[in-house]
Amino acid sequence: MQLRDALDDYKRHAGDGTRFPGERRTVSGRFSGGNGRLVHVGDDGELRDFGYPLTGRTGLVRSRIGLAVGDEVAWLDEAETSQRYVGDTALVETVHETPRATMTRHDLTLGDAHLTRASVEFADGDVDPADASLVVYARFAPDGRDDRVGQLRYDDAVEVYHADEHDFLASATGFADLRGQLPATFPELLDDDPTELPRDRDGDRYEEERLSGEVIADVPFDDGVATVATLLTDRAETDREAARERLDELFADLDGVDALAEAAADALPSVPESAPARESVVADLRVLSLLSAPSGLRIAGPDFDPYYEHSGGYGYTWFRDDAEISGFLLGAADAVGLDLDDWHARSARMYVDTQRPDGSWPHRVWPRNGALAPGWANARIEDGPDVDYQADQTGSVVAYLARARAAGVDVDGLDATLVAALAGLDRTLEPDGRPVVCQNAWEDSAGRFAHTAATFLEAYSELARHGEGLAVDALDDPDAVPGAASLPDDLAAHARDRAREVYAALDDLWVPERGCYAVRETLDGGIDDRLDSATLALAAAHRSFDALGSGEGGAVDEERLDRLVSHVETVVDGLSHETDDIAGLIRYEGDGWRRADQLSEKVWTVSTAWGANACAELAALLAAHDDPRAAEMTARARDLLAHVSPGGSLCEPTTYLPEQFFDDGTPDSATPLGWPHAIRLATVALLDDELPQFADRAAADDD
């Protein structure tokens, strides 16, 4: 998104009650891509690239597609439109009903290429197809620039370049006409009204034909079909001859809808027909694939606010979200029948590669290569106190890597990474058994949080369960990792002891008056007893701890079980919010972020999905203790899961889960958000695989 586009959107949406001006929203439309380039196909027909964090290439920042008959152009963003995914794939089918014809488009992103196949059927028998053409307005921003950009023209393609990035627009049927135009001028930017693009040709602006990233192409139809493609390249990796050959091969190999569908099907993991809630599982895997870089790291969501006007950006990898997603996928794969071995290994490899020398992980990184990305919680890299550090991220990574090791994921350096991480956890654990003062999961306050303690409990428990054979000598130089040299010989036993310390220390945060655990101990030593959905992480953490065992009943005692049940029920009931249009959980009491004109807290999909998962995890823990409350907790899990499942009020018709919703049902913020999709997938698997004995009761309750 360029500043010109942000200003244009600001003019269009300033004063809106549920839309923040200056953003590039993805709450409607669908994405195509997977493990690389990410292209948004708007329900108005517009194509935009969102894959810069994944590939380092900016590509398309604006586009518009129309149908020309003679001198008249019907722009597809003004037509009645319907859209769907084709089968289980990321092939997007969009049908536009114009006054003269029906146009059916198929959009598919493969690697760094995107193809749009448009077929047209004219309603008016008097229309001569030879008089019709597909009109494509496209603005590229190679290297993220909208200035100092040039064009090279060919018979069937145009190359837009700045320095390293060279972007191509090509047509299978050539061009009937091709022209350029300069971006919005200063007077247009300062005008109160937005600028309609593309403009008519201006004969006085000869330089605009070559000195911009904007092109307008007339593409002839051949037997009612026109196919265009865009390809994003780096000149050091792909020369122009190779790029043009690649485009020719795409046009030849993907000639027809069936060929596009077959190529799209090969890009995603297959889901067995017997999978539970199959539509939901397919949607979750599609989203998680779309948000993934070839490295295996994922962006949190498509970056709708690159200028940080209303947020801190979403097109980065947070190790909290990413490791939680990896863990959910690892736990669900066998239960649902998914082959995700490559995904598990890629994630583990990148966590090993991105670990800092002190055993921790940074705030956020670029997913394409793991390089440090802009952030505000890099205290462990900067000088000064460590308060602006998110210790829960390290806890989440450790829990995943320990499980991955037990599952047979074999990555060079994994043992050394776990040893260094164990030393890092120890250094951020206070003598009272709870983590140090740091930032919270929502990144908006500091203190000693229950959620952070939950991630430490889970990390230590998983290391204790799966750390057999771990030793300090896995490190090349133990003295180079703070605290590693003083670790004992039996690291698994040490992790078990640490887990018991954290387990006992959680009593410090129990608030009997509310029947729940406090969200945090504040900087002045007080107790913040607000309800916070992040504290629902305690359920899964205790289940990991319980697996350590301490007799036939497991490691979790009866008093703690009672407190966990009370806590989950109190948090779920206290954060529940329902209107005529939506139902789910708010993030936490007093949440004021992105409310716009709304007076109350907004409902979040990640909080609602977390509630469902926590209830399911707690149900499994209760069932392991032969506690009859497991049935009721399972029912709660299914009820919450329904809100974020296809057909639920928090699941869009696209099958996407936006981050948030206004009370009137308007979706907002990053869409789709990867974290709730992974939680949904894991909860579906858990309910089906470990709690099927309670399914009959759920069905009876529905009746």
Side-chain angles (χ1 to χ4, degrees), residues 276-277 280-281 324 327-328 330-332 334-336 399 403 450-451 454 457-458 461-462 503 506 515-517 531 533-549 552-576 583-585 606-645 648 676 678-702:
S280 178
V281 172
E324 293 286 332
F328 287 133
L330 184 66
D334 289 342
V336 180
R403 292 190 186 109
H451 171 262
L457 177 62
E458 189 166 6
S461 298
E462 295 300 328
Y503 175 83
L506 281 167
C516 66
Y517 289 95
L531 303 180
S533 60
T535 63
L536 292 167
L538 288 166
H542 277 82
R543 191 166 175 229
S544 288
F545 180 75
D546 194 62
L548 295 178
E552 295 182 0
V556 176
D557 59 49
E558 294 304 311
E559 181 183 22
R560 184 59 61 89
L561 280 178
D562 290 342
R563 287 186 174 184
L564 284 173
V565 170
S566 176
H567 175 75
V568 171
E569 290 180 339
T570 298
V571 171
V572 168
D573 291 342
L575 298 183
S576 291
L585 302 186
V606 68
S607 297
T608 308
W610 212 337
N613 187 259
C615 289
E617 290 280 0
L618 183 52
L621 176 58
L622 291 167
H625 286 253
D626 296 322
D627 191 313
R629 291 174 292 184
E632 176 59 31
M633 203 55 65
T634 301
R636 279 180 171 264
R638 294 186 185 278
D639 288 343
L640 287 166
L641 182 63
H643 296 318
V644 293
S645 294
I679 300 175
R680 184 173 75 177
L681 172 60
T683 307
V684 164
L686 178 57
L687 289 170
D688 181 76
D689 188 51
E690 299 192 45
L691 299 166
Q693 65 270 36
F694 304 116
D696 292 341
R697 170 173 173 169
D701 290 344
D702 290 341

Specify the closest pair of heavy atoms between [X] and [Y], including all atoms of both residues, with the distance to one decimal.
X: A541; Y: A454; answer: CB-O, 3.3 Å
X: A614; Y: A539; answer: O-CB, 3.5 Å
X: G574; Y: L531; answer: CA-CD1, 3.6 Å
X: V336; Y: A685; answer: CG2-CB, 3.6 Å
X: G611; Y: L585; answer: CA-CD1, 4.1 Å
X: T608; Y: H643; answer: CG2-CB, 4.0 Å

Can you tell me how far apart [atom1] ([X]) and [atom2] ([Y]) are? Round to the nearest 0.5 Å.
X: W610; Y: H451; atom1: CH2; atom2: NE2; answer: 3.5 Å
X: T570; Y: Y517; atom1: OG1; atom2: OH; answer: 11.5 Å
X: I679; Y: L641; atom1: CD1; atom2: CG; answer: 11.0 Å
X: L536; Y: L575; atom1: CG; atom2: CG; answer: 7.5 Å
X: E632; Y: L622; atom1: CD; atom2: CG; answer: 11.0 Å
X: L691; Y: R638; atom1: CG; atom2: CZ; answer: 7.5 Å

Cationic N near anionic O, under 4.0 Å, R563 to D557: no
Is R636 paired with D573 through a side-chain N to carboxylate O contact shorter than 4.0 Å? yes
Less than 4.5 Å apart, any side-chain heavy atom of [X] and any of [Y]?
X: L506; Y: L457; value: yes
X: C615; Y: L640; value: yes
X: V565; Y: L561; value: no
X: E690; Y: T634; value: no

Over 60° means perpendicular and under 30° means parallel, so tell me whether F545 and Y503 are parallel, tilted or perpendicular. parallel
Go through the steps to decide whether L564 and L538 satisfy the test side-chain contact (heavy atoms from CB on, under 4.5 Å), and finish with yes or no. CA-CA 8 Å; L564 284 173; L538 288 166; 4.3 Å; yes
Is there a donor-acceptor contact under 3.5 Å from the side chain of S576 to the main chain of V572? yes
Under 3.5 Å: donor-acceptor pair, side chain of T535, backbone of A450: no
With a 3.5 Å cut-off and no angle check, do the side chains of S607 and S533 form a donor-acceptor pair? yes
Which of H542, R403, R543 passes side-chain contact (heavy atoms from CB on, under 4.5 Å) with E458? It is R403
